[in-house]
There are 2 protein chains.
Amino acid sequence: MFCHVAPRPRNAEATRAAILNAARERFARESYDDVGMRDIAGDVGVDAALVSRYFGSKEDLFEAVLDSCDNGADLMAGDRSTFGRRVAREVIFQAKSESKLKGLLILLRSISSTKAMELVQRSANRRFYGPFAEWVGGHDAPVRARLAAALIKGMAVTREVTGGYGMDAGQCERMADQMAVILQDLIDGEPAAAQDDGKLSPAA
Amino acid sequence: MFCHVAPRPRNAEATRAAILNAARERFARESYDDVGMRDIAGDVGVDAALVSRYFGSKEDLFEAVLDSCDNGADLMAGDRSTFGRRVAREVIFQAKSESKLKGLLILLRSISSTKAMELVQRSANRRFYGPFAEWVGGHDAPVRARLAAALIKGMAVTREVTGGYGMDAGQCERMADQMAVILQDLIDGEPAAAQDDGKLSPAA
DNA sequence: CCATTAAGTCACCGGGCGTTGACTAGCGGC
DNA sequence: GCCGCTAGTCAACGCCCGGTGACTTAATGG
């Protein structure tokens, strides 16, 4: 038996960090309501009471988790001309445990339990939409940023809610390609993200 | 006082229907976990025990609600050439209480409480994705259908999670216009939904 | 080597949930 | 005008949750 394998050296700071990591992982995979203090504590190997002690309340812990996510900043960091391709592949193919979009997953899962959503609203607006719109830049940046974000989120929802895409590998590839093009056009501000017939805000 | 205003005539069938409607409304506005049997019963004006009696369990009730949603069939019914515009305006501007996308809202809210999501997965695949992909038709219909669905869902998520779009009316209008174009191109199978530079799956 | 202090545990509370079995009240048939 | 049947209510159960105060145990400094 592997009982008491590692009695975990007594170190408040490290334990606190471990709890935070476990919580982030849990909240990315299950919803706010489904994640219990006892679950998180169990992942780390401590008592649930300790989680309450260190973070105050479940809401406070959730807020700390939100703050600990790098909300997609690294996606904006790379080469701008490959943004569409990079993001499309990330959201369509990347394993859930990969870190880049963990904040996005948490955001999606928070569409429940009104409390969690309020916290996410503030965090997302301040820490993601603002910077993203600014990074997109150009004419009607907020509009194009929100459209791009919507496509990204929607694809993530599809994947979560359907548990995969129910398509073969070739179809997934072509879907990623098309998504890449749409995203890239959106952030580049190409003529209305498609052939513009002239009716819609033709110039920048 | 308006106590006992309408003692509700004794009619099992009507009461059952009223419960189902109230439940659909609730599940569209709050998550599976946040909606309680007592809430639903309260909306109708009956005891919570009756809800359990009529529908067996909360899961059974939820499943009945899913079956009672017309999953966007009417969106496909109209003129195909105005699909993009109709849907974009519906998802961006329509009041939540409007019925057409109620199934979509429930789907979004179900991204919690693993139980609800499993039920929604089955229902959505069978009753929405299949028919929608078929309706879209043409080359790689499932791929384009999923892209369009992703954009629609993502925009709904944005609206839900941010509680509006945080933009002025003009920006919302332009966003709806751009979204309409993207959607329309997707279901029309226009060259890669944007000007195709030839690198990506150039032909049909 | 022991006292002190912080790290971690344990038992327990109050509350809300879904669900159940016993009960009450309104309606149709004789 | 009573009877039986069923729609609907009531009280309660068991369960699990988040949170708290009292306790135990490990590390540390003199």
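Lettering of chains follows the sequences in order, A, B, ..., and the numbering in each one begins at 1. Keep in mind that this is a model prediction, so the values were computed, not measured.
Closest of all the heavy-atom pairs between B:Ala145 and B:Val136 is CB-CG2, 4.1 Å.
The shortest side-chain heavy-atom distance between A:Arg85 and A:Arg89 falls under the 4.5 Å cut-off. You'll find the side chain of A:Cys69 reaches within 4.5 Å of the side chain of A:Ile106, heavy atoms only. Between A:Tyr165 and A:Arg159, some side-chain heavy-atom pair lies under the 4.5 Å cut-off.
Using modelled atom types and a 3.5 Å distance limit, the side chains of A:Arg24 and A:Ser68 yield a donor-acceptor pair. Neither side chain, A:Asp67 nor A:Ser123, offers a donor N or O lying under 3.5 Å from an acceptor on the other.
Distance B:Asp47 CG to C:dC23 P: 17 Å, rounded to the nearest Å. The CD1-P distance, from B:Ile40 to D:dG8, rounds to 16 Å in whole Å. The CG atom of A:Leu50 sits 15 Å away from the P atom of D:dG18 (whole-angstrom rounding). To the nearest angstrom, P of D:dG19 lies 13 Å from CZ of A:Phe55.
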Report summary line: Per-nucleotide protein contact along nucleotides 21-30 of chain D, 5' to 3', at a 4.0 Å heavy-atom cut-off (B base, S sugar-phosphate only, - neither), is BB--BB----
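Under a 3.5 Å cut-off, the side chain of B:Asp39 and the backbone N or O of B:Val35 do not form any donor-acceptor pair. Side chain of B:Lys115 to main chain of B:Tyr32: no donor-acceptor pair is present (N/O by atom type, distance under 3.5 Å, no hydrogens or angles).
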Query raised in the report: Should A:Phe83 and A:Trp135 be marked as a ring pair (Phe, Tyr, Trp, His ring centres under 6.0 Å) after you check the CA-CA gap, both sets of side-chain angles, and the distance that decides it?
Result: CA-CA 12 Å; A:Phe83 175 85; A:Trp135 178 80; 5.0 Å; yes
**Report entry** B:Lys153 vs B:Glu160, salt bridge (charged side-chain N to carboxylate O under 4.0 Å, His left out): CA-CA, chis, key distance, verdict
**Finding:** CA-CA 10 Å; B:Lys153 277 183 293 191; B:Glu160 289 302 311; over 6 Å; no
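Contacts of A:Tyr54 with the nucleic acid, taken as non-hydrogen atoms under 4.0 Å apart, involve only primed sugar atoms and P, OP1 or OP2.
Atom CZ of residue B:Arg16 and atom OH of residue B:Tyr54 lie 9.0 Å apart, to the nearest 0.5 angstrom.
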Contacts under 3.5 Å, N or O only, protein and nucleotides 16-18 of chain C:
{"unit_1": "C:dG18", "atom_1": "OP1", "unit_2": "B:Lys58", "atom_2": "NZ", "d": "2.9"}
{"unit_1": "C:dG18", "atom_1": "OP2", "unit_2": "B:Met37", "atom_2": "N", "d": "3.0"}
{"unit_1": "C:dG18", "atom_1": "N7", "unit_2": "B:Arg38", "atom_2": "NH1", "d": "2.8"}
{"unit_1": "C:dG18", "atom_1": "O6", "unit_2": "B:Arg38", "atom_2": "NH2", "d": "3.1"}

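Proximity of residues 20-28 of chain A to DNA chain D (heavy atom under 4.0 angstrom from any strand atom) is not detected for any residue.
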